[in-house]
Structure formats: C-alpha cells, structure tokens
2 protein chains.
Amino acid sequence: MKPDRFADILKQNDVSVTTVRRAIFDALATADKPLKNGEIATLVPTVDRASVYRTLELFDRLGLTTTIVRGWTPFTELAEPFKAHHHHIACERCGTVVEIENDTLEDVLGLIAGRHDFELTKHVVELTGVCKNCRVAIS
Amino acid sequence: MKPDRFADILKQNDVSVTTVRRAIFDALATADKPLKNGEIATLVPTVDRASVYRTLELFDRLGLTTTIVRGWTPFTELAEPFKAHHHHIACERCGTVVEIENDTLEDVLGLIAGRHDFELTKHVVELTGVCKNCRVAIS
DNA sequence: TATATTCTGCAAAAATGTTGCAATAATGAT
DNA sequence: ATCATTATTGCAACATTTTTGCAGAATATA
C-alpha cells in the first residue's frame, strides 16, 4: 500500500491522525508556498479556527512546518521531508518569490553555530531585494 | 553640541522629531535586544497604542529598525547606524541569544542574490540551536 | 466493538491591530 | 519669541486575530 509519511510521523509522536490534521496538511502541501494563518483557515472552511491554530502549533512543534516572516506577518510552509530544505528571496516591488537552495550557505551557517558552541537545530533565511524586471522597469 | 543621528535621520526624511518618537526610539535603544510590539508599548505607557504602531511602521519604513521572527512572533530592534549589522542564534532550551557578525555569511547572501538576478536590499537570518550548557545539562 | 483517551467545535474572552477625527505639538517664517 | 501652518497624537470605536475551557465527537487499542 501507499506510503504515508504524514501519518507515520504523527504516530511516531503519539498523536492521532485525524481528518482535521490531514486537511490542514493537504492545504499546505497543495499551496506549495508559505501561507498566512488566515489563508490556511480559509482553505479549510469546515475546520474551526481554534483547531487550525492548535494544529499549526502542533505541526510546528513536530517540525513538520517552518515559519518565516515577511514584513510583520508570519507565513507557514511544509518542511522536510515533505519539501526540500530551502529559503526564499522576494522582490519588494512585484512580490515574486524565488526558492533558494545553496549548500555553501548551509555550511556557513553550521560553521557559525559551531563557533558559538551551538548545535544548530533550525534556521530561517529570508532575503528581500529587487528583481531584474523591476530594476529595469523604473529604477 | 552632541550629535543626534536620530533627529538627523528623521529630518532628512521630512518627518517631525517628536517626544513620542524619541521615547519609542529610546525604549528600543535601552532594551538592546529585539522586542515584541506589545513589549514596546509597555515600555512607553504614556504613549497610546495606536501611536506605537504608527511609529514602529514609520521606523521600519525609514529603515531605522529591523523585524525578525521567533516562533510566530515578530520582534523589532534598531538597525544601522544605531546598531552594527548582525543576526542572532538562540538556544531553544534556555533562551540565551547571541549576536552574530560574519562577513562570509554576508558575502554568500550577496552572491546568492546575484545568481538569481536580485539586488539585495534586506535580509533576515535567525538561527536556533542548543547551547553548550544545555547540551551538557540533560541531553 | 467497547473503552479510554485524545481531538474538535463552540462560545466567550483576551489580545492585537486599525481607523477617522478633533485636539495638540512641532516646524518654519517673521 | 510668536504665529500660522502642517504634521502628529490621543481617543474611542471597531476589526481582526489568537487563546481558553469544556462538552461532545472522533480516534486508537485491545
């Protein structure tokens, strides 16, 4: 039968696999981009808001999701093993978001942590800039 | 007379130097660590909540402050030229926060942006890990 | 399928942000 | 210094977002 990593991870952590949790997980998986809490709630209209918050907190605690901030707003997206580890660079004019995967960056972060005697468990990198198009447009 | 970079920057941007703005600026300068919006409001009890929000938005727009996120909460702190450019690594057990300054990291971020045809204007790097003490403690 | 336990919806409250407008404070010129 | 102009603030009401307790529903286990 089909492998179900989502269910497996929940079970490994002794929490139930429920339809609510799967619905929210699917919403994140389908969107395939970081979503605000409110957006997630909208995508699962049958689920109570309180449950959405409780579920997102759970996912975060289990490491299923990553939360980044743009401006002042937190956005959540799936983390490994559901999505390859990556970061983002966003254009501040047009809003385009590009995913970044860069081993050198990961290495440098590890080294920095080590130099401060920290064992790295998580990290967030969000870049903001102006994309090529927008630089040409008005500049 | 004493130089007043804060006032200078506000004037350069054609906004008034008011006691409210200075109070909030002072709160950020004195705290010397990233603060939640609510914490800032608490530190200037005489200032109306609405003014706090409007001021923080202004500071952000003028580039006086930087906003990072930990967990789901946005935190604001002073940026250059009031504080040297830096990032943070926080211990997820004891909460200790250490500031990071690393030229290699800055270079790598610039290169990554360039490779994607972006001109970098801003970036956030937040590391989370376990510090030496906490690793020894229980582990 | 029965039982124990965990989850969810509901409803109410707390916390967080936002808005328009009149009163106040800051700025620049005299 | 004072005045006129303009920007800023407080107030108060509102909107939105998040949190909480608890009873009923769904899930896991034997």
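Order of the sequence lines sets the chain letters (A, B, ...), proteins ahead of strands, with each chain counted from 1. From a predicted model like this one, the values you see are computed outputs, not experimental measurements.
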Hey, does the side chain of Glu39(B) reach the backbone of Lys36(B) with a donor-acceptor pair shorter than 3.5 angstrom? yes
Would you kindly give the CG-to-C1' distance between Asn13(B) and dA7(D), to the nearest whole Å? 15 Å
Does Thr18(B) have a side-chain nitrogen or oxygen under 4.0 Å from the phosphate oxygens OP1 or OP2 of dT9(D)? yes
OP1 or OP2 of dG10(D) versus the side-chain N and O atoms of Ser51(B): is any pair under 4.0 Å? yes
State yes or no: are the ring centers of His85(A) and His123(A) separated by less than 6.0 Å? yes
Could you give the CZ-to-C1' distance, from Arg22(A) to dT8(C), as a whole number of Å? 17 Å
Output the rounded distance in Å from CG (Leu58(A)) to P (dT18(D)). 17 Å
Under a 4.0 Å heavy-atom cutoff, the residues of residues 41-50 of chain A touching DNA chain D are Arg49(A), Ala50(A)
Co-membership, hydrophobic cluster, residues Leu64(B) and Trp72(A), 4.5 Å side-chain: yes
Short side-chain N/O contact from Tyr53(B) to OP1 or OP2 of dG17(C), under 4.0 Å: yes
Ignoring backbone atoms, establish whether Asn37(B) has a side-chain N or O less than 4.0 Å from OP1 or OP2 of dG17(C). yes
NZ/NE/NH1/NH2 to OD/OE distance under 4.0 Å, Arg21(A) and Asp26(A): no
dC7(C) P sits how many Å from Ile24(A) CD1, rounded? 13 Å
Round to the nearest Å and state the distance from Asp14(A) atom CG to dC7(C) atom P. 10 Å
Just how far, in rounded Å, is P of dA7(D) from NZ of Lys11(B)? 17 Å
N/O donor-acceptor pair, side chain Arg54(B) with base dG17(C), under 3.5 angstrom: no
Interatomic distance where CG belongs to Leu10(A) and C1' belongs to dA28(D) [whole Å]: 13 Å
For the pair made of CZ in Arg21(A) and P in dA26(D), what is the distance, rounded to whole Å? 15 Å
Arg93(A) side chain vs Cys134(A) backbone, donor-acceptor pair below 3.5 Å: yes
Hydrophobic cluster identity match, Leu109(B) and Ile89(B), side-chain contacts under 4.5 Å: yes
Straight-line distance of Leu78(A) CG to Phe59(A) CZ, nearest 0.5 Å: 8.0 Å
